[in-house]
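Here's the structure we're looking at; comments come further down.
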There are 2 protein chains.
Amino acid sequence: MTRSNKTRATMHDVAREANVSIASVSRFINGQTVREEIEPRITKAISALNFKPNSAGRALRASKTQQICLSVPDISNPVYQTITKGVQNILNKTDYRLMLAPRNLSVEENLALIDSLDSNYADGFIFLSLVDDPRIRKAFMKLSIPAVVIGNVEVHEEVDTIKVASGAVELALAYLVNKYGGDVLFLNGPSSTIPGRNRKKGFLEAMQSRGIDGTKHVVEAESFNVEAGLSALGKVKNISTYRSIICANDLLAAAALRFLSTLKIDVPNKIAVIGIDNTDLASVLSPALTSIDYKSEFRGELAAKFILDRLNDPTTAYRKISIAPELVERESA
Amino acid sequence: MTRSNKTRATMHDVAREANVSIASVSRFINGQTVREEIEPRITKAISALNFKPNSAGRALRASKTQQICLSVPDISNPVYQTITKGVQNILNKTDYRLMLAPRNLSVEENLALIDSLDSNYADGFIFLSLVDDPRIRKAFMKLSIPAVVIGNVEVHEEVDTIKVASGAVELALAYLVNKYGGDVLFLNGPSSTIPGRNRKKGFLEAMQSRGIDGTKHVVEAESFNVEAGLSALGKVKNISTYRSIICANDLLAAAALRFLSTLKIDVPNKIAVIGIDNTDLASVLSPALTSIDYKSEFRGELAAKFILDRLNDPTTAYRKISIAPELVERESA
DNA sequence: TAACTTACTGTAAACGTTTACAGTAGGAAG
DNA sequence: CTTCCTACTGTAAACGTTTACAGTAAGTTA
């Protein structure tokens, strides 16, 4: 023990203790071959001094932080929790750490977040945003680290993207119309958001193709959560004229189930309910929620893999993946 | 623009551009007063060069990473999501970033996590663990950064801790016995975990004090999730002899609701159900879940505040907080 | 033997900040 | 006028790594 008591050992200390140069210690730690004779000396010194390489020194010199930043617009939403889980699944197998970015619901929050990434605290960025804006696209374009986009936010082309193929609502509608006929209500989230906009479009087109004007079949909640869903449904005039409800995410579907349950309307026999996202929530609700699977955990895993691939080899061709949504049948429809 | 194209501007560049010393730039950025005349020169240079301070350089020199590490045993559990949200609420108001540690369910994962913190990638640590072990306590004691513990994991005394006062199960039991009598089933999670152990103890004692031997009223799920809950309930011989069920967390309560719903047993009129944690899930389920509020978002906020306080002033006295659980009445009981 | 190759080693210079220290200008006090 | 103080400034030395480079010893080839 050459070290004083309370301060941590550095590579210099290890080198001195093992009687080798600091370069050899560094090389050994980074998996390069060193003379067979000195290997045990280094390992011994490391454990004797309880040496752990300092992240900051490493990051500064190598300009690699070993951190991946994940932006989560709203951590209360189970779909983002599921994506986060997927990202973790992959990162935990590597020596990359996961940074959870601050909430980025608004355009301003998004801009601040993207801006902050210039401070080099992360090597890669997994970007999720509910909102779209030319300023976001512009800021994103100037990003100094590689990024992966999950979702339909519009950005430039030099980026890996993971989308869910359109047609999720069509999938739900086809199922419901076939089973229960055309009296379908669409409970949307705010159409000012990207998913709100897209899912509404999907619904209207799907109705259109069946010769129905869907516009009167849409009710919009102020937010993608239960409270907003309940309040939106409360404003629907005669809910019992509908035979089924498509909800723009699982939380809104949970709201629908609660709403119908308080009205003693049987699900699915009087009104069927179908959600979108197929988060953990779906199998927790009763009746268990039939939902369109957006494969969120998988998307998270894929995003993490993409970013790691690119960090390993920056010349990797940019990938634009589109996941096929899938209907998962449970009890509610 | 004195900089070449693709590499980021450093403080040196700003200093040169503004014709001041690098020390002045640093001081200005860190909010110290500088000569009035040079202030605009610096701001101008910063924006002209689009300068952003480099986190690694900063971290290395100041030995402060501006990062807080939060350990989340299992991100699928809504109670941890809620705690995470609380932590974020506070950190987002500061310039600290949130690191999400890898899953730490097992003892080994906990040890690896605590060990890794010696690499100085975080200034503070918010520790949550489902499991208890002398090795964890020992490793935790040697931690080189301040920590806050949420929960009942046993560690040394020089640490802020946030617990929920015991008596949660008693609270639930008192309510149920009073309303529905003593035929209460306790659906516990694994008693090998800290909450499993404590909640079981709480239940047995609460029953004891009413002169009932509770041991036959306990069924144990293999994990704190819906699937395990369903499977555990499936093994209960004659469920309909019970008038109410206390579930050791909200996920197990969701399992109970689903289980009873498939058996067409009315909740709460035939069997009442009560959960513990009062996560977002409680108000999403139908019937809405009566649950014991563990104030998780608040605990997360408190933990973040504690750690920030200590980073500001390391001499702060260690705080041992105990939150009073509270019954939140909804529909299921 | 010399010349070349192989496989490793150590020295020292970075990376981009913060900060101790010494210095200076200007005003106040005596 | 000198002395002292205040309020700021710039120089230069860290912080703990990684890595370019030059060096060396041993083995191979001719």
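Chain naming here is simple, since letters A, B, ... match the order of the sequence lines and numbering starts at 1 in each. Values below: every heavy atom of this structure, side chains too, minus hydrogens, waters and symmetry copies.
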| Comparing B/A62 and B/S21 on DNA chain D - which has the more 5′ nearest nucleotide | B/S21
| Residues A/E108, A/R135: salt bridge by 4.0 Å N-O rule | yes
| message | Just by distance, no angles: are the side chains of A/S296 and A/R299 close enough, under 3.5 Å, to form a donor-acceptor pair? | response | yes
| query | Between B/L60 and B/A23, which has a closest nucleotide on DNA chain C that is more 5'? | reply | B/L60
Acceptor/donor pairs from residues 142-153 of chain B side chains to any protein atom, 3.5 angstrom cut, sequence neighbours excluded:
residue: B/S144; atom: OG; partner: B/D118; partner atom: OD1; Å: 3.2

| task | Hey, which sits more toward the 5' end of DNA chain D by its nearest nucleotide, B/G57 or B/V34? | result | B/V34
| query | What is the nucleic acid contact for A/K64, judged by heavy atoms within less than 4.0 Å: base, sugar-phosphate only, or nothing? | reply | nothing
| Got a sec, which pairs hit ring pair (Phe, Tyr, Trp, His ring centres under 6.0 Å) with one end in residues 26-80 of chain B, sequence neighbours left out? | none
| message | Need the bend value for the helix from C/dT1-D/dA30 to C/dG30-D/dC1: angle between end axes, 5 pairs each end, nearest 10°. | response | 50°
| query | Under 4.0 angstrom, heavy atoms only, what part of the nucleic acid is A/F28 near: base, sugar-phosphate, or nothing? | reply | nothing
Throw together a table of side-chain donor-acceptor distances under 3.5 angstrom for residues 300-307 of chain A, partners on residues two or more places apart or in other chains.
residue: A/E301; atom: OE2; partner: A/N89; partner atom: ND2; Å: 2.9

| task | Mind checking A/T33 for me? I need base, sugar-phosphate or nothing, with any heavy atom below 4.0 Å counting as a touch. | result | sugar-phosphate
| query | Do you see a donor-acceptor pair shorter than 3.5 Å between the side chains of A/K52 and A/N54? | reply | no
| said: Closer than 3.5 angstrom, by distance alone: can the side chain of B/D13 be matched with the main-chain N or O of B/A9 as a donor-acceptor pair? | reply: no
| Range on DNA chain C touched by chain B, heavy atoms, distance below 4.0 Å | C/dG16 to C/dT19
| query | NA contact type, B/S26, heavy-atom cut-off 4.0 Å: base, sugar-phosphate, or nothing? | reply | base
| remark: Applied to residues 94-146 of chain B, the ring pair (Phe, Tyr, Trp, His ring centres under 6.0 Å) test, sequence neighbours excluded, yields B/F125-B/F127, B/F127-B/F140, B/F140-B/H156
| field | Side-chain donor-acceptor pair present, A/T65, A/D123, cut-off under 3.5 Å | value | yes
| request: For B/I22, report the nucleic acid contact type (base, sugar-phosphate, nothing); a contact means any heavy atom under 4.0 Å. | output: base
